[in-house]
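Accompanying notes for the structure given below.
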Amino acid sequence: MNTPARSYHFRRLAGDVAPPDAWRMLDATVARWVLAHGGSPLLARIAGWASHAEGHGDSALLLNGEAAARHGMRACSEEDIAALRAEPMVALAGDGDAGGTPFVLDPPHFYLRRNYLHETAVARHVRQRRAASLAAGEVDLAAIDALFHGDSDERVRPQRQAVAQVPGKRLFVLTGGPGTGKTTTVLRMLMMLIRERTARMQAAPVIRIGAPTGKAAQRLSESLRDGAARMRARAHPAHDFDWQAQLDGALAAEASTLHRLLGSRGRHGGFVHHADNPIPADIVIVDEASMVDLAMLRNLLDALREDAALILVGDADQLTSVGTGSVLLDLVGAMEAEHAPDLVRLSHSFRADQSLVPINEAIRRGDAAAFAAAWRDAGDKAIRRPLADAQDLARALARWSNAVAAMLQEAGALDVVAKTDQRGVLAALDALRQRQLLCALREGEFGAATANAIIERRLKGRLGVAPDDEWYPGRAVMITRNDYTAGLFNGDVGLCLRDENGNLAIWFEVTVQGGAAIDGETLATGAAHHAGRRAVAFSPAGLPEHQGAFAVTIHKSQGSEYNHAAVLLPPDPQHRILSRQLLYTGVSRARQGVELWAADAACDTALATPVRRASGLAARIA
Ligand SMILES: Nc1ncnc2c1ncn2[C@@H]1O[C@H](COP(=O)(O)OP(=O)(O)OP(=O)(O)O)[C@@H](O)[C@H]1O
């Protein structure tokens with residue numbers, strides 16, 4: 001039976017221009033809906049642009065000023081804004097619950113109603129939490145000294161400050177780049193809070209850790225455990241380290257995705273926890289907060305007990321959430337402007353080669369001259385490969401593929417590794433953190449999919465693998481969807497190895513807590529331990545959704561670090577993907593050495609283009 005094809009008719013908007021080329025089908029539909037419901041052509045046009053701006057992550061549409069034109073819209077005149085005010089479908093900001101209208105006007109911003117409600121709710125929660133926070137009492141220097149083993153130099157000072165300031169706070173923001181000690185500081189902040197709250201409430205506080213992705217939640221608990229082990233190792237028997245209970249308490253915190261923390265109802269929508277049924281936790285830590293969008297932060301704030309402490313941790317300069325808003329950046333911007341004590345920025349990287357740090361700092365500030373100087377000063381730690389076309393890319397990939405092959409060989413990934421040889425498997429897996437190609441784009445000539453295919457083709461040629469063989473020893477893959485039963489998360493990277501029987505299996509390092517993987521799900525069987533680490537094997541047929549991992553997008557690499565990273569930008573300097581945050585996120589993944597495969601003009605565009613998502617949040621918080 002033939003099913004009639006559905007057709008959509010996009011008429012010209014009556015009395016106005018045709019839908020602009022930039023619009024998505026959704027934007028045009030919003031505009032048509034407005035016309036169909038009696039709105040004026042002006043409102044239809046603005047509503048379509050508001051929908052379009054939301055598609056770019058803006059919480060609101062800027063009606064005038066320079067930034068209004070950035071998506072291609074003609075800025076509104078004062079007369080236009082006056083006309084919008086008179087539209088029955090538009091409420092003015094401050095009208096109670098915004099009158100139930102689909103749009104809200106708060107010049108220079110124009111909102112789709114839901115974003116207005118989210119933004120005002122987040123701002124109200126933030127203001128209330130900050131107002132209810134207690135000023136830090138007298139700083140217990142001895143306690144802070146004990147937590148930091150007496151370290152107090154310049155690099156550690158902001159970490160100490162965070163630990164000193166956090167007691168009594170209902171909201172605290174900790175931001176900093178990779179390796180600046182966020183987890184180290186969170187562990188100590190938690191210990192301090194546990195001590196304070198236990199003394200005040202005569203009971204140990206309940207702590208929950210949440211993150212936007214399962215992988216990020218997993219990584220934080222893993223890092224907390226590593227940090228605790230280092231702390232125990234440094235606790236000198238001569239000094240009184242009476243923090244054992246607090247350390248244990250911090251490590252007992254349950255970690256999960258934010259969706260699970262809120263009790264997502266899945267397909268049915270909504271969450272188990274909300275204002276009338278708050279999350280039963282005294283302290284909630286949210287890691288990778290830069291990836292949290294406006295709606296999620298609103299849901300979380302709605303669902304917190306009034307007296308709970310919320311600690312947001314993340315790198316505000318990284319790429320923002322894939323959803324709407326840039327809440328961490330907005331919060332940090334507003335709090336930093338007022339030198340607030342409930343925000344601490346960590347800037348010293350303990351992990352990266354110190355010659356790479358000024359590069360990251362220059363990108364963060366968008367300072368092209370400082371960037372060029374820092375790159376030069378880094379010598380052979382920072383390599384530029386000019387990239388004008390696909391031939392340049394092919395040359396760079398040929399060199400890179402050779403280095404990847406050498407890395408796999410050195411790590412033993414191409415040899416037979418016995419199924420029970422956890423040490424051998426883990427050593428091979430470690431190779432995957434040595435070298436990584438990071439691409440601005442996923443698709444197209446300069447995208448990760450193409451680069452990965454080229455690297456794999458070259459590797460197969462070198463290793464004598466038939467071009468059509470999908471699996472071969474040394475192949476790296478990345479999981480693209482959470483699979484709780486398998487205990488694998490979106491973003492987990494695995495390596496194909498051949499065992500003593502000639503069978504191929506894909507190995508992953510997984511985190512276990514007392515025998516169960518994160519979020520309380522049990523792990524696939526067949527795992528073994530080695531020195532606190534554990535690798536699990538999957539047959540090629542049993543692997544959850546995945547893709548090749550020799551080249552991944554910069555987006556996917558957030559939260560990971562590599563000894564050596566190469567960052568590939570598309571050569572077209574007009575490409576919309578190019579932004580300062582993208583370049584920063586890519587380059588700051590490197591610990592020891594970084595390569596930039598980019599045309600000068602593309603790099604200049606990236607440096608000069610900070611992503612500023614339109615939002616009224618910062619102004620509402622102040
Ligand atoms: N105060 C400190 N003294 C000594 N070493 C430190 C200190 N703070 C952090 N480090 C070291 O720096 C490294 C990075 O610290 P940590 O993991 O806490 O940073 P991070 O900001 O959470 O990193 P990322 O988010 O990139 O994983 C660790 O090896 C840690 O031991």
Side-chain angles (χ1 to χ4, degrees), residues 143-164 166 172-192 209-213 215-236 243 247 250-251 253 255 285-292 311-319 328 332 343-354 356-357 360-361 364 433 436 438 491 509 511 532 554 556-563 565 584-592 594:
I144 296 189
D145 268 337
L147 289 173
F148 284 92
H149 318 287
D151 296 346
S152 62
D153 62 43
E154 199 55 44
R155 304 168 315 157
V156 184
R157 201 166 300 157
Q159 300 183 346
R160 293 174 61 108
Q161 190 192 339
V163 176
V166 77
F172 196 92
V173 179
L174 181 69
T175 188
T180 50
K182 295 185 294 298
T183 316
T184 304
T185 308
V186 164
L187 179 62
R188 287 154 178 80
M189 285 164 84
L190 268 179
M191 292 168 72
M192 195 64 150
I209 292 172
T213 66
K215 191 163 172 52
Q218 178 191 40
R219 205 162 23 213
L220 180 63
S221 12
E222 212 174 317
S223 310
L224 284 174
R225 271 205 308 281
D226 290 350
R230 276 196 300 271
M231 200 167 189
R232 286 200 177 100
R234 275 195 75 184
H236 200 278
W243 291 86
L247 195 53
L251 293 187
I285 311 262
V286 176
D287 197 21
E288 297 288 1
S290 58
M291 294 190 208
V292 176
I311 302 177
L312 298 176
V313 186
D315 184 352
D317 297 301
Q318 270 198 34
L319 287 164
L328 184 66
V332 167
L343 164 85
V344 166
R345 181 188 282 277
L346 306 178
S347 48
H348 174 84
S349 173
F350 289 86
R351 225 189 258 138
D353 186 286
Q354 290 308 302
L356 301 185
V357 175
N360 295 333
E361 192 50 32
R364 202 174 78 71
R433 283 196 286 268
Q436 183 66 52
L438 306 171
E509 186 170 352
T511 300
I554 296 173
K556 280 266 185 209
S557 74
Q558 289 192 81
S560 302
E561 279 182 290
Y562 313 95
N563 281 351
Y584 170 82
T585 306
V587 170
S588 63
R589 299 305 96 205
R591 285 187 189 187
Q592 302 295 327
V594 66

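Each ligand, and each atom within it, is numbered from 1 in the order the structure gives. All values below come from the heavy atoms of this structure, side chains included, with hydrogens, waters and symmetry mates left out. Predicted, not measured: the structure shown is a model, and the values here were computed from it.
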*side-chain contact (heavy atoms from CB on, under 4.5 Å) with Ala590: which residues, sequence neighbours excluded?*
Leu356, Ala565, Val594
*asked:* Give the residues near ligand 1 by chain and number, with the criterion being a heavy-atom distance under 4.0 Å.
replied: Val156, Gln159, Gly177, Pro178, Gly179, Thr180, Gly181, Lys182, Thr183, Thr184, Arg230, Phe350, Arg351, Glu561
*Walk me through it: do Arg225 and Glu222 pass the test salt bridge (charged side-chain N to carboxylate O under 4.0 Å, His left out)?*
CA-CA 5 Å; Arg225 271 205 308 281; Glu222 212 174 317; 6.0 Å; no
*Can you name the nearest heavy-atom pair linking Glu288 to Ala216, along with the distance?*
CG-CB, 3.6 Å
*Go through the structure and list residues passing side-chain hydrogen bond (donor to acceptor under 3.5 Å, both in side chains) with Arg591, not counting sequence neighbours.*
none
*Report the residues that fulfil side-chain hydrogen bond (donor to acceptor under 3.5 Å, both in side chains) with Asp226, sequence neighbours left out, ordered by chain and then residue number.*
none
*Check for a donor-acceptor pair, side chain of Arg188 on one end and backbone N or O of Val163 on the other, with a separation under 3.5 Å.*
no
